[in-house]
Amino acid sequence: MSRKLILDVDTGTDDAVAIMLAALHPELDLIGVTTVNGNVEVRYCTDNSLRTLDFIGRSDIPVFEGIARPLVRPDFPIPRASKKSTGVHGQTLDIPAATSTRQHQRAVDFLIETYRAATEAITLVPTGPLTNIAAAIALDPKFVERVPEIVIMGGAHHHGNVTPAAEFNIWADADAAASVLAAGFRKLVMVPLDATHQALVSMQACDDMAALGTPAGIAAARFIGRRIRAYDSNQPMAERNAAPVHDALCVAYLVDPTVITTTHLHVAVETQGALTVGRTVVDTNARGEQAPNCHFAFHADRRKFVAILRETFARVAA
Ligand code: BDR
Ligand code: CA
């Protein structure tokens, strides 16, 4: 039986790869995509998600547009103001315009109603700022207990990408992230930069994906190739000619949990610090008094991750 999931995305090149992986892997059943302000304005995130699904022949998967601004700080400077990141995504993905359209229902309503009516487990996978998820928690007191597992791309212990202290998704709506981390989810898995920076995809792997000749292989090579060029010039990784594809690692974890290695500990989000807004404070030495609330991935298996991408992108939609 396939595993049901909802992706909450700010598409974005790596979100698009995550969408394709979830939409094409035979053991996954992507029941909906919700969008949120982040890498680009939410309307572009929605358009990019629709383009991606159309391009791989999965326009049957519904897309719901979400919240356009951070919850508490509506004037916070996103979409992506960081000069270091321009070029990683662009505003519009480099594939043909969407022919399908978004659903009328709003993302937060879709999330609340889907979990309220669910008779099977649905994993929630947010790979953008956590605004929609925090809103669902605020609006439905039972939302948290209805979600069996939430797998978040965000945070960092040894890294920062948008500031020296913080990872973009958490920083972009730190108040929302703080509320999600503190909400008491049954199982919360965090896939931070510590893991994604170990799961680099090389230009050679991109060429292999393009050579598959499938829509997903071609699109993945294009999106990841763009990421590699941008990372090499603005944010070089330990290895040149390679880049992280953060969001897709969350989906790969659903296919094979051993693609990451997690530690169960307490994580909170800084919302006040003058220099550290959006930092994930990871209690690695059990110095705090709070019980573990997070399975935090410190490591990733690059070889397994790339193999999952390549095998899945060889497929075409039925
Ligand atoms: C995260 O930020 C976004 O730019 C990416 O899509 C990813 O979700 C990485 O920090
Ligand atoms: Ca993202």
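First listed ligand is number 1; within each ligand, the first listed atom is number 1.
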Task: Backbone N/O of D173 and side chain of R73: donor-acceptor pair under 3.5 Å - done: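 Such a contact is absent between R73 side chain and D173 backbone.
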TODO: Look at the side chain of R51 and the backbone N and O of I95, then say whether any donor-acceptor pair between them is shorter than 3.5 Å.
DONE: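 Judged by distance alone, yes, a pair lies under 3.5 Å.
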[X] and [Y]: side-chain donor and acceptor closer than 3.5 Å?
X	Y	answer
N37	D10	no
T13	R227	yes
D194	Q198	no
T123	K4	no

Going by the atom numbers of ligand 1, which of them fall below 4.0 Å from some non-hydrogen atom of [X]?
X	result
M153	1 (C), 7 (C), 8 (O), 9 (C)
D14	5 (C), 6 (O), 7 (C), 8 (O)
F168	2 (O), 3 (C), 4 (O), 10 (O)

Open item on the list: Could you check whether atom CZ of R106 has more than 12 heavy atoms from other residues, nucleotides or ligands sitting under 6.0 Å from it?
Closed with: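 At most 12 heavy atoms, drawn from other residues, nucleotides or ligands, come within 6.0 Å of this atom.
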- [ ] Measure distances from the Ca ion (ligand 2) and count the protein N, O or S atoms below 3.0 Å.
- [x]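 Every protein N, O or S atom under 3.0 Å from the Ca ion (ligand 2) counted, the figure is 5.
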Open item on the list: Geometry only, no angles: is N169 polar-contacting ligand 1 at N/O separations under 3.5 Å?
Closed with: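 Yes, since at least one N or O of N169 sits under 3.5 Å from an N or O of ligand 1.
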Task: From R227, H159, H89, E167 - option closest to atom 10 (O) of ligand 1 by heavy atom - done: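 That would be E167.
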- [ ] Have a look at ligand 1 and work out which part of N161, if any, has a heavy atom under 4.0 Å from it: side chain, backbone, both or neither.
- [x]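 The answer is the side chain of N161.
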TODO: Could you tell me whether D15 approaches ligand 1 through its side chain, its backbone, both or neither, with non-hydrogen atoms closer than 4.0 Å?
DONE: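 The side chain, only.
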Open item on the list: Between V36 and D8, is the side-chain contact (heavy atoms from CB on, under 4.5 Å) condition met? List the steps.
Closed with: CA-CA 7 Å; V36 66; D8 184 66; 4.1 Å; yes
- [ ] Pick out which of M190, H295, H299 makes a side-chain contact (heavy atoms from CB on, under 4.5 Å) with T262.
- [x]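 Between T262 and the candidates, side-chain contact (heavy atoms from CB on, under 4.5 Å) is satisfied uniquely by H295.
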